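Heads up, the thing below is written out as structure tokens.
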Amino acid sequence: MSSDSSEIQINVKGPSELKLQISIATDKSVLELKQAIADKSDVPADRQRLIYSGRVLKDEDALSVYKIQSSHTIHMVKGAVRNAGSTSGAAPQALPTMQSGQNVHDPLTQLNGHQGYGLMAGLNPFADMGLNPNDPNMMQGMMNNPQFLQQMSSVMSNPQVLDQLIASNPQLQAMGPQVREVFQSERFRQMMSNPDTLRMMLQMSSMMNGGAGAGAGAGAFPAPGLPSTAQNANPNTPGAGASAALGVAPGAGLGLGGGFPMFNPFMLPPSAGAAGAGAGAGGANPMAEMMNNPALMADLMSAFGGGGVYSLTGGPSHPSTQIHPTSLSLQNIPKW
Amino acid sequence: MARVPRNFRLLEELEKGEKGIGDGSCSYGLEDGDDIMMSHWNGTIIGPGHTVHENRIYSLKIVCGELYPDAPPLVQFISRVNLPFVNQTEGTVDPAKLPVLAHWTRNSSIETILVEIRREMGSFNNRKLPQPPEGTVF
């Protein structure tokens, strides 16, 4: 036994692209390997579950039991990651209306279904993700929640869903192809799937609302290139009715809230001048194009802000930006 | 004569399994590394997210007969699971009820079976089926 207790190099693949290389002797136990992994990652040993060649490794076994060889790969899965509320094993509840609308050709069905588009499942019971819609910090929480971000990004990268979104909203539909172009542009999707951008938009959103009131409409949005009132606004204004940059609609799947202007990446403080330059020069930038078209912008914002989108808002002190859970339900969506 | 392609194929699959495929949501390998005929395999499936199977690890046994890959392998769940194509007393997968086995082709592999079963777990009809306690076996 001692003669074959040689040192081997194992690749460990874990969640979110985690990859580790670990050198360990084969007479070490699985638990010792887990500890070595814990040292190199932020996953404590007792949360790790290791899988190699179709087998779950048992803590007390020596690595030699599994005949792991150098350069082989072990998969690490995090166990019991979720908070108490969701570990009950109960099925995530979908809206009853979703269930009646089963149709394989309907992207919303897919949304509610498998393959990672479990948007409804993940978002609908907010408690599942430890989110409290009444919490002013909720949007921040969501932005920091990898689960949410991943869902956002898979939703935004599914053209079918976008088509559906547009088709389900007459106002968006009326706007013609520009909206589609914007939505379907890589640039837009990148922005939508970039946690930092989203966070930034959120911050901007609350700043803007602090200065310009809770109005989610076009009025709150300064013309492109003009110095933004955001710079004067107190970013820490509490309960400013920060209309969420993203609205989550249990019917349409996903909408953009009143904070839409914040999508302009060029409006990063402190330089408003850069915003103007960016919008002017960025011919290739779909957002800039959109910003240059005030009519489209206004349309878009009223469609998003006022179009009955279930807007997740953070400011309980502003009734006008409270959540309207019933404002857009499936019944309002035309049959397709 | 027929053995050569069979073993060649299985060797290929073995190597792929040891290197680890994808994100580890499906994994497989020989039950016993000394099994020269490479007949008996283990497989694991990590239950797809946002389903009742989330965070569960299911273990399976796969037996590749002499006719593999012309004929599909036998597939049996070790971990208890409630799925329409799994026999509830033995855990065997009914080949007639799982399309990847019912319409078997030489291009299918152990990996494709596991991936397909995992996909079935996330299908609309199966994602919410009540499941036996985690960790129980057939």
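As the structure is a computational prediction, the values presented were derived from the model and not from experiment. Naming convention: chains lettered A, B, ... in sequence-line order (proteins, then strands); numbering from 1 in each chain.
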Ser23(A) to Glu7(A) - nearest heavy-atom pair and separation: CB-OE2, 3.6 Å

Qualifying residues under salt bridge (Lys or Arg N to Asp or Glu O under 4.0 Å), relative to Glu134(B), sequence neighbours excluded: Arg49(A)

Test side chain to side chain donor-acceptor pair (under 3.5 Å) applied to Asn87(B) - qualifying residues, sequence neighbours left out: Thr89(B)

Residue among Pro130(B), Ser27(B), Ser59(B) with most heavy-atom pairs under 4.5 Å to chain A: Ser27(B)

Close side-chain approach of Asn42(B) and Ser53(A), heavy atoms under 4.5 Å: no

Top contributor to chain A contacts, counting heavy-atom pairs under 4.5 Å, from Ser25(B), Gly29(B), Cys26(B): Gly29(B)

Chain A contact via Asp34(B) - side chain, backbone, both or neither, heavy atoms under 4.5 Å: side chain

Side chain proximity check, Leu18(A) to Lys78(A), heavy atoms < 4.5 angstrom: no

Check: Glu13(B) and Met38(B) side chains under 4.5 Å, non-hydrogen atoms: no

For chain B, the option from Arg55(A), Met76(A), Gln69(A), Lys13(A) that forms the most heavy-atom pairs under 4.5 Å: Arg55(A)

Glu116(B) bridged to Arg119(B) by N-O distance under 4.0 Å: yes

Part of Asn126(B) lying under 4.5 Å from any heavy atom of chain A: neither

Steps toward side-chain contact (heavy atoms from CB on, under 4.5 Å) verdict (Ser39(B), Arg6(B)): CA-CA 10 Å; Ser39(B) 301; Arg6(B) 172 191 185 274; 3.4 Å; yes

Residue-level interface, residues 31-39 of chain A with chain B, non-hydrogen cut-off under 4.5 Å: none

For Glu111(B), salt bridge (Lys or Arg N to Asp or Glu O under 4.0 Å) partners two or more places apart: Lys16(B)

Ile62(B) versus chain A, the contacting section by heavy-atom distance below 4.5 Å: neither

